[in-house]
Q: 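Attaching a single structure in structure tokens format; questions to follow.
Position 1 is the first residue of the sequence; numbering continues from there.
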Amino acid sequence: TSGRKRKPLELIVTALLYVLKEGVSWRALDVPGVAWQTVYGYFRRWSRSGMLAEVCRHLKWPKQDRARAIDSTCIKVHKDGANPAGGQTTQALGRTKGGLNTKLHAAVDGQGRPVSIVLTPGQAGDSPQAIGLLHDAGRWRLVMMDKAYDSDEIRSYIESQGGEACIPPRSNRKTGIDYDREAYKRRSVVENFFEKIKRCRRIGTRYDKLDESFFAFVMLAITTLYLRDQF
């Protein structure tokens, strides 16, 4: 709006954010001064090198509390991303009753700010990812998860780390396990996190054949929300 000439890198970032937000195909980009091939080339180099993930890891959140909430969300795969070279399994693609999906697992702090993320095929279970997420989630004391994570292994790990598990017991447990019901209400922060990043169409639907490309878009969405102070 100021009439100043925008630098090429600024144009590339602007175009990339447009793809993230609107979910358009690369060839549909229409940004004066930069070709879609150039934008895509930069994105592929950044995603392949892990630069976007590295930028995200170095975000300086305000002081975090010691609570962690863990959950997952399924992301529908568009047919454009359904046939990657090397097969679907190696690219975090899996078939469920709802079709082809990718599952995004996340651990967030008590304010809903992400601290650990992993991608799996859509049919993967939630509980096998919990310990890995917690291992990468920094220092924590209270862990809030739904009953899908109710296992002796997860509870033992949390206890061994000096934490408290806030997990409702499964209905098939022979002996009941008590949990803090008031604290459990705070678990919604992780669901709110998923809702925020899925406002970006490139996250709400997976169009990318490669898991590294889709993961890079997730990192870009998180960085954008951070810069806009929306966490």
Q: For R45, does the CZ atom have more than 12 heavy-atom neighbours from other residues, nucleotides or ligands under 6.0 Å away?
A: yes

Q: Report yes if some heavy atom in the side chain of I75 is under 4.5 Å from a heavy atom in the side chain of K103; otherwise report no.
A: no

Q: May I ask you to decide if the ring planes of F43 and W26 are parallel, tilted or perpendicular, using 30° and 60° as cut-offs?
A: tilted

Q: Distance check, rounded to the nearest 0.5 Å: Q91 atom CD versus L210 atom CG?
A: 5.0 Å

Q: Work out which heavy atom in R44 is nearest to a heavy atom in S213; give both atom names and the distance.
A: NH1-OG, 3.3 Å

Q: Using a strict threshold of under 4.0 Å (side-chain N to carboxylate O), is an ion pair present between D109 and R66?
A: no

Q: Identify whether L20 and W36 are in the same connected component of the hydrophobic contact network (ILVMFWY, side-chain heavy atoms under 4.5 Å).
A: yes

Q: Would you compute the distance between atom OG of S47 and atom CG of D208 and round it to the nearest 0.5 angstrom?
A: 8.5 Å

Q: Considering all heavy atoms of both residues, which atom of S127 and which atom of Y149 are nearest to each other, and what is their separation?
A: CA-CD2, 3.8 Å

Q: Quick check: do L104 and L119 have side-chain heavy atoms less than 4.5 Å from each other?
A: yes

Q: Both conditions, 6.0 Å and 45 degrees, for the charged tip of R181 above the ring of Y179: are they met here?
A: yes

Q: Would you mind reporting whether V190 and I70 have side-chain heavy atoms less than 4.5 Å apart?
A: no

Q: Between D65 and R141, does at least one N-O distance fall below 4.0 Å, as a salt bridge requires?
A: no

Q: So that I can tick it off, tell me whether R155 and E159 are bridged by a salt bridge, with the cut-off set at under 4.0 angstrom between side-chain N and carboxylate O.
A: no

Q: Applying side-chain contact (heavy atoms from CB on, under 4.5 Å), run through L100 and Q88 and close with a yes or a no.
A: CA-CA 9 Å; L100 200 61; Q88 296 175 344; 3.6 Å; yes

Q: Are E182 and K185 ion-paired here, with the side-chain N under 4.0 Å from a carboxylate O?
A: yes

Q: Kindly give the heavy-atom pair with the smallest separation between R186 and M144, and that separation in Å.
A: CB-SD, 3.6 Å

Q: Are any of the side-chain nitrogens in K209 or D80 under 4.0 Å away from the carboxylate oxygens of its partner?
A: no

Q: Please tell me whether Y207 and F214 form a close aromatic pair, meaning their ring centres lie under 6.0 Å apart.
A: no

Q: Nearest 0.5 Å please: distance from the CZ atom of R202 over to the CG atom of L17.
A: 13.0 Å

Q: Hey, are the side chains of L93 and Q123 touching, using non-hydrogen atoms and a 4.5 Å cut-off?
A: no

Q: Can you tell me how far CD1 of I117 sits from CZ of F215, rounded to the nearest 0.5 angstrom?
A: 6.0 Å

Q: Can you tell me how far CD1 of I12 sits from CG of L29, rounded to the nearest 0.5 angstrom?
A: 11.0 Å

Q: Is there a donor-acceptor contact under 3.5 Å from the side chain of D211 to the main chain of A92?
A: no

Q: Under a 4.5 Å cut-off applied to non-hydrogen side-chain atoms, are V115 and W140 in contact?
A: no

Q: Would you say that R206 contacts V77 through its side chain, given a criterion of any heavy-atom pair below 4.5 Å between the two side chains?
A: yes

Q: Any non-hydrogen side-chain atom of R27 less than 4.5 Å from a side-chain atom of Y40?
A: no

Q: Measuring from atom CD1 of I222 to atom CG of L52, what distance do you get when rounded to the nearest 0.5 angstrom?
A: 11.0 Å

Q: Report the residue from V24, V39, V13 that forms a side-chain contact (heavy atoms from CB on, under 4.5 Å) with Y18.
A: V24

Q: In terms of the angle between their ring planes, are W46 and Y42 parallel, tilted or perpendicular, with boundaries placed at 30° and 60°?
A: perpendicular

Q: Show the nearest heavy-atom pair for residues M145 and R187, with the distance to one decimal.
A: C-CD, 3.7 Å

Q: Considering only heavy atoms from C-beta outward, does the side chain of V143 approach that of L134 to under 4.5 Å?
A: yes

